[in-house]
Amino acid sequence: MSAFHADIGFEFGIPDIVHGRAMSIHAGELLGWFDVAERDLPWRADGVTPWQILVSEFMLQQTPVARVLPIWSDWVARWPTPSATAAATPAEVLRAWGKLGYPRRAKRLHECATVIARDFADVVPDDVETLEQLPGIGSYTARAVACFAYRKPVPVVDTNVRRVVARAVHGLADAAAPSAKRDHADVGALLALLPKAAQAARFSAALMELGATVCTARTPRCAACPLRACAWRDRGFPPGSTVRRPAQRYAGTDRQVRGRLLDVLRDNVLPVTKAELDVAWPVDPVQRERALASLLDDGLVERLADDRFVLPGQDRNDSTASR
DNA sequence: GAACCGTGGCG
DNA sequence: TCGCCAAGGTT
């Protein structure tokens, strides 16, 4: 722990009913570690706006930091504000998103920009309640924006926080499956014990960072952990349940087919024919049609009057022929 | 609560 | 190799 934080006496604790003790996470230890171990991520730099932080949170949903870095930098340079984003077409947004995954996130980000530009004078709201009403923003993202963009002392519960609390506080290898009910309880417990000072927001960031870089899911680096107290270690690192949920396959799923179809549309500036889409998934026409129908339904693809296909809002004129 | 929604890297 | 996992949200 650094000298700067040595006098911080507050602790973050959650009553452990099962084991009849109240383990806690020492804020001073955690913050002292964060002072030296914090990653130098571009969306944490001075001068980054709340909107740009919001963009990073959209991109980081279910997506590793390393893959977000280059996309985010190009994105915020091109569209630095909500109104600039809203002025782009969905097609442009989907191309910039590229293969970051879950293209619905890109579409929701565009919708979110539109609402903020139109209804909030181009200013990202700073309170959780309002943020949660925006497209693509749920409990986590709302709290992350309030905390990281506006330094509000609100708990942020993500997969990292769930895992750190499960281990250090409850002595379990893994967190229970995410649930709105449990998360609400966690938020309540966190809020009651969150540091009240300006350090509160930083504490939330540090807790997430610990889960992301030290208390990781697969091979935790316990030797590098700053926490002196850990219920999981005290119990001898008991393994998690061997009964895992069914593996989330990808190969052969509708999601893969959707990905292939969107790939074709992203790569073609001109409208594509049905035949050009068909070759992207030739083996199973039934699945291909189902995937295409769902993309149309999601507003991620548009069918033109001549039965060719484009990304939504894409210029449908053949630029090679003024004819 | 469960299912669904992309993609790629790592152990 | 291949299952697991990554700063979730919506239906």
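Throughout, protein chains are lettered first and strands after them, A, B, ... in sequence-line order, and every chain is numbered starting at 1. We use all heavy atoms of the structure for the numbers below, so side chains are in, but hydrogens, waters and symmetry mates are not.
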Taking A/Leu262 as the starting point, is it possible to reach A/Leu304 by hopping between hydrophobic residues whose side chains are less than 4.5 Å apart?
no
Salt bridge (Lys or Arg N to Asp or Glu O under 4.0 Å) between A/Lys274 and A/Glu289: does it pass, once the steps are laid out?
CA-CA 10 Å; A/Lys274 183 61 166 53; A/Glu289 296 311 311; 2.7 Å; yes
Is any side-chain nitrogen or oxygen of A/Arg163 closer than 4.0 Å to OP1 or OP2 of C/dA6?
yes
Indicate, with a heavy-atom threshold strictly under 4.0 Å, whether A/Pro178 touches base, sugar-phosphate, or nothing.
nothing
With a non-hydrogen cut-off below 4.0 angstrom, is A/Leu100 in contact with a base, only sugar-phosphate, or nothing?
base
Please evaluate the base of C/dA6 for a donor-acceptor partner in the side chain of A/Arg162 within a cut-off of under 3.5 Å?
no
Ignoring hydrogens and angles, state whether a donor on the side chain of A/Glu276 or A/Thr273 is under 3.5 Å from an acceptor on the partner side chain.
yes
A/Phe120: partners by ring pair (Phe, Tyr, Trp, His ring centres under 6.0 Å), with sequence neighbours left out:
none
Could you list by number each residue of residues 283-294 of chain A showing a heavy-atom separation from DNA chain B of less than 4.0 Å, or answer none if no residue does?
none
Can you find a donor-acceptor pair, distance only, under 3.5 Å between A/Arg218 side chain and B/dC10 base?
yes
Decide yes or no, distance alone: a donor-acceptor N/O pair under 3.5 angstrom between the base of B/dT7 and the side-chain of A/Arg67.
yes
Once you round it to whole Å, what is the distance between C1' of C/dG8 and CD of A/Gln62?
5 Å
Roughly how many Å is it from NZ in A/Lys181 to P in B/dG1, rounded to a whole number?
7 Å
Would you classify A/Ala217 as touching base, sugar-phosphate or nothing, given that sugar-phosphate means primed atoms plus P, OP1 and OP2, and contacts are heavy atoms under 4.0 Å?
sugar-phosphate
Tell whether A/Thr63 reaches the base of B/dG6 with its side chain through a donor-acceptor pair below 3.5 angstrom.
yes
